[in-house]
Chemist: 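Structure provided below as structure tokens; questions to follow.
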Amino acid sequence: MPASNLSDGIAVIRAQLKTAPTAPGVYRMLDKNGDALYVGKAKNIQKRVTSYTQVARLNNRLQRMVAATETMVFVTTRTEAEALLLEASLIKRFKPPFNVLLKDDKSFPYILLRTDHEWPQITKHRGARKHKGQYYGPFASAGAVNRTLNTLQKVFQLRSCTDTTLESRTRVCLLYQIKRCSGPCVNKVSADEYSDMVGETRAFLEGKNTDIQKKFAEAMQDASDTMEYETAAVYRDRLNALTQIQTHQTMVNAMVDEADVIAAAKVGGQVGIQLFFFRAGQNWGHRAYFPKHDKTDSVESVLSAFVAQFYDNKPAPKSILLSHRLEDQGLLSDALSSRMDRKVALSVPARGKKFETVKEAIRNAKEAVERKLAETASQTRLLEGLAEKFDLETAPTRIEVYDNSHIQGSNAVGGMVVAGPDGFSKNHYRKFNIKDTELTPGDDFGMMREVMRRRFSRLIREDEDRSRGMWPDLLLIDGGLGQLSAVTETLTEVGVSDVAIVAISKGPDRNAGREQFHMPGQRAFTMPLNDPVLYYLQRLRDEAHRFAIGSHRARRKADIKKSPLDGVPGIGPKRKKALLHHFGSAKAVVGADIRDIECVEGISRAIAQQIYDHFHE
């Protein structure tokens, strides 16, 4: 890098040191666009920031970061532990390129035992905790939750139906008939018996399995002694189901009651992290993560950043078992403990069953990284092959694929999907609700022009110098020469001339494998049927098609739910409800006379005239 850029960055940092606080807190380095380059924490902000002015101690990566720094922002906290939590939160919010970044865009599923109803419901839950009740988890996947719920229904027979379904039923459902529900909807179980089942479910999810087994065994024996063999059979089946879930646990350790096992492994410069969830003495699944980091980062530094960011928006368990000892392990423990208002212990087991469990997690992490690297290598070969087919200078790192969806022009939506070296990048998908009212219904070319105009006008406005990595290397358009011409003309209008464009048409008889590819100034061409690049392009096109159709259906569904009364000025929920109750339907309101409308409770003469005029312009 030019020495002047580095010296300019150091000069910026030295100027910021004059106002840098000596308290604990968080600092942000910003580039010329005001975007965060790096977020860091410090016990003493001024002392930590001073280290960035000592060029001899900076590696090449940090020198690039300092050279790009235009200004800094400081935020002080009361303690270093608070600074650590704030740092993790800001990293997830701003995604600075020089930090270790955890791609964690999905919330984990939980089991919810609702207690806001006379007959508590057990169900799967994901998202904000709005309902009153106990939440058990997290589970690594929806499949892990479903398996546990399936067993819970066999053993404890709590209802899983909604409150509306419960209150509207007049006879037993299929779940009652296959002994997965006790039938509270039709009084097949008393309130006291159901309350006992709720208590047993809660005990099971808290790990008190032995007490429940003993209780079921005693109840079965008592029923048998009194010759109530049907009741004994019910307890026998529940006992068998309870035993089954324990035998199917492959990594259950009696001493791992509530813990997350987090293990890291580095292969080929990439760190992979494997996370196992243990709750109530059971393994509730595992998941692999591949944080974005620099190849020179150590396993320990990546693991430390992962732990801080992962628990930024999730509850931490009592114990976290790690594969590596971390430099700030005590600080992480203090920070998580203060957030949870209870002790959260971080430890690295050295022997025993916990050590064996961590070893198993390390093995899984290593295998996951090896699979990831193999997939990446395959993806790299495909992108290089794509560059060769379309005569691109380098393999594309960002491909944008576009498609439109509509039914005779109604609810028209344009869809954009993004792909690159790491596969599909769903965070960057975009939909465009077509807004041009002058378009002829079904005008695909006009819709594509609008999508391109909106997409690239915004890109030019927000990233004119192309420093944020949001500009595509290649545009793939689902269509033929007409769509290609529409896109090319529109990009020329907005001043973009250096983005490669390829249109994909179905070819003769619309057969997959006979697609034709169109590029500006070239004749259409096809690819061999067994070409891996052809299969890859088909996947890209099909994903864009799926996304566009899904967006169209969602818009159409929302449109169907709309009422003609929604657009009437002065008509809120109460008046709309009164009109629908009086006339029976929105259609009847549209055809009603002023005098009839005026008879509705809460509707004055003036409002009635307003409603009538709205529908009879």
Side-chain angles (χ1 to χ4, degrees), residues 26 38-42 59 61-62 80-81 83-92 95-106 108 138 140 251 256 259-278 285-337 339-340 344-350 354-373:
V26 172
Y38 181 78
V39 175
K41 68 176 186 306
N59 58 31
R61 174 171 163 269
L62 293 179
E80 193 179 0
L84 185 146
L85 295 175
L86 179 59
E87 177 198 38
S89 178
L90 292 177
I91 289 172
K92 293 187 75 172
K95 296 179 173 55
F98 288 92
N99 282 99
V100 173
L101 299 179
L102 168 62
K103 185 181 178 183
D104 179 26
D105 54 355
K106 287 186 177 179
F108 285 88
M251 282 183 64
V256 182
D260 286 347
V261 178
I262 307 178
K266 190 173 186 178
V267 181
Q270 171 68 56
V271 174
I273 293 176
Q274 195 75 25
L275 177 59
F276 283 88
F277 299 104
F278 288 93
H286 59 93
R287 186 179 289 187
Y289 289 89
F290 306 97
K292 184 180 176 183
H293 64 91
D294 191 82
K295 288 189 175 183
T296 60
D297 289 333
S298 66
V299 175
E300 290 80 5
S301 63
V302 175
L303 185 58
S304 176
F306 174 88
V307 172
Q309 291 179 44
F310 182 79
Y311 293 109
D312 173 58
N313 59 351
K314 301 174 187 68
K318 297 174 184 176
S319 175
I320 299 174
L321 306 180
L322 302 171
S323 59
H324 296 72
R325 185 161 297 282
L326 309 180
E327 185 179 342
D328 55 356
Q329 191 164 303
L331 184 61
L332 275 166
S333 178
D334 292 343
L336 295 177
S337 297
R339 167 165 282 176
M340 298 302 299
V344 176
L346 277 71
S347 60
V348 182
K354 290 183 179 180
F355 173 69
E356 293 300 322
T357 303
V358 172
K359 269 182 64 178
E360 180 71 11
I362 293 173
R363 183 181 64 80
N364 276 268
K366 184 173 181 292
E367 291 175 356
V369 179
E370 289 170 348
R371 286 193 299 271
K372 174 75 172 175
L373 291 175

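Throughout, residue positions are numbered sequentially from 1 according to the sequence presented.
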Chemist: Is the closest side-chain heavy-atom distance between Val271 and Asp297 below 4.5 Å?
Modeler: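 They are not in side-chain contact.
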Chemist: Please lay out, stage by stage, how Leu321 and Val348 fare under the test side chain to side chain contact (heavy atoms under 4.5 Å, CB included).
Modeler: CA-CA 6 Å; Leu321 306 180; Val348 182; over 6 Å; no
Chemist: What I'd like to find out is whether the side chain of Lys41 reaches to under 4.5 Å of the side chain of Leu86, using heavy atoms alone.
Modeler: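 Sidechains of Leu86 and Lys41: no contact.
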Chemist: Side chains of Lys366 and Val267: does their closest heavy-atom pair fall under 4.5 Å?
Modeler: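 When only atoms from C-beta onward are counted, Val267 and Lys366 do touch, with a gap below 4.5 Å.
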Chemist: Find the distance between OG1 (Thr357) and CZ (Phe278) and round it off to the nearest 0.5 Å.
Modeler: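 Output value for this atom pair is 5.0 Å.
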Chemist: Quick one: do Phe310 and Phe108 satisfy ring pair (Phe, Tyr, Trp, His ring centres under 6.0 Å)? Show the steps, please.
Modeler: CA-CA 11 Å; Phe310 182 79; Phe108 285 88; 5.7 Å; yes
Chemist: So which heavy atom on Ala88 is nearest to which on Ala308, and how close?
Modeler: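 Minimum heavy-atom separation between Ala88 and Ala308: CB-O, 3.4 Å.
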Chemist: Report the distance from atom CZ of Phe355 to atom OG of Ser323, rounding to the nearest 0.5 Å.
Modeler: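 Going from the CZ atom of Phe355 to the OG atom of Ser323 covers 11.0 Å.
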Chemist: Got Ile91 and Leu102 here, is their nearest side-chain heavy-atom distance under 4.5 Å?
Modeler: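 With C-beta onward as the side chain, the pair stays apart.
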Chemist: Distance check, rounded to the nearest 0.5 Å: His293 atom NE2 versus Leu101 atom CG?
Modeler: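 Answer for the NE2-CG pair, His293 versus Leu101, is 10.5 Å.
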Chemist: What pairs of donor and acceptor atoms, side-chain ones from residues 326-336 against any protein atom, are under 3.5 angstrom apart with sequence neighbours left out?
Modeler:
unit_1: Asp328; atom_1: OD1; unit_2: Ser304; atom_2: OG; d: 2.8
unit_1: Asp328; atom_1: OD2; unit_2: Ser304; atom_2: OG; d: 3.1
unit_1: Gln329; atom_1: OE1; unit_2: Leu326; atom_2: N; d: 3.1
unit_1: Gln329; atom_1: NE2; unit_2: Leu346; atom_2: O; d: 3.2
unit_1: Ser333; atom_1: OG; unit_2: Val344; atom_2: O; d: 2.6

Chemist: Atom CG in Leu85, atom CG in Leu90: separation rounded to 0.5 Å?
Modeler: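 Atom-to-atom, Leu85:CG and Leu90:CG are 11.0 Å apart.
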Chemist: Using salt bridge (Lys or Arg N to Asp or Glu O under 4.0 Å) as the criterion, list what pairs up with Glu367, not counting sequence neighbours.
Modeler: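 Result, salt bridge (Lys or Arg N to Asp or Glu O under 4.0 Å) vs Glu367: Arg363.
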Chemist: What are the two closest heavy atoms between Ala140 and His286, and how far apart are they?
Modeler: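 Shortest heavy-atom contact: CB-N, 3.2 Å.
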Chemist: Rounded to the nearest 0.5 Å, what's the gap from CD on Glu87 to CD on Glu80? Could you check?
Modeler: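 So the gap between those two atoms works out to 10.0 Å.
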Chemist: Can you tell me if Lys266 has over 12 outside heavy atoms packed within less than 6.0 Å of its NZ?
Modeler: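 Correct, the count exceeds 12.
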Chemist: For Asn364 and Gln274, indicate whether the former's side chain and the latter's backbone hold a donor-acceptor pair under 3.5 Å.
Modeler: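 Pair absent, no side-chain N/O of Asn364 close to backbone of Gln274.
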Chemist: If you look at every heavy atom in Gln309 and Val100, which pair is closest and at what distance?
Modeler: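 Looking at all heavy atoms of both residues, the closest pair is NE2-O, 2.7 Å.
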Chemist: Test Lys292 against Asn99 for side chain to side chain contact (heavy atoms under 4.5 Å, CB included), laying out the working first.
Modeler: CA-CA 8 Å; Lys292 184 180 176 183; Asn99 282 99; over 6 Å; no
Chemist: Do Pro138 and Lys314 have side chains that get closer than 4.5 Å, going by heavy atoms?
Modeler: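 Side-chain contact under 4.5 Å: no.
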Chemist: Check Tyr311 against Arg339 and note the closest heavy-atom contact, atom names and distance.
Modeler: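 Closest approach of Tyr311 to Arg339, heavy atoms only: O-NH1, 3.1 Å.
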Chemist: Less than 4.5 Å apart, side chain to side chain, heavy atoms only: is that true for Tyr289 and Leu275?
Modeler: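 Result yes, sub-4.5 Å side-chain heavy-atom pair found.
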Chemist: Under a 4.5 Å cut-off applied to non-hydrogen side-chain atoms, are Phe98 and Asp294 in contact?
Modeler: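 Counting from C-beta outward, Phe98 and Asp294 never come under 4.5 Å.
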Chemist: State, with a plain yes or no, whether a side-chain heavy atom of Asp260 is found less than 4.5 Å away from one of Phe277.
Modeler: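 Yes. Closest side-chain heavy atoms under 4.5 Å.
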Chemist: Which heavy atom of Ile273 sits nearest to which heavy atom of Ala264, and what is that distance?
Modeler: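 The answer is CG1-CB, 4.0 Å.
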Chemist: Considering all heavy atoms of both residues, which atom of Ala265 and which atom of Ile362 are nearest to each other, and what is their separation?
Modeler: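 Smallest heavy-atom distance, with atoms named: CB-O, 4.2 Å.
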Chemist: Output the distance between atom OG (Ser347) and atom CZ (Arg325), rounded to the nearest 0.5 Å.
Modeler: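 So the gap between those two atoms works out to 8.0 Å.
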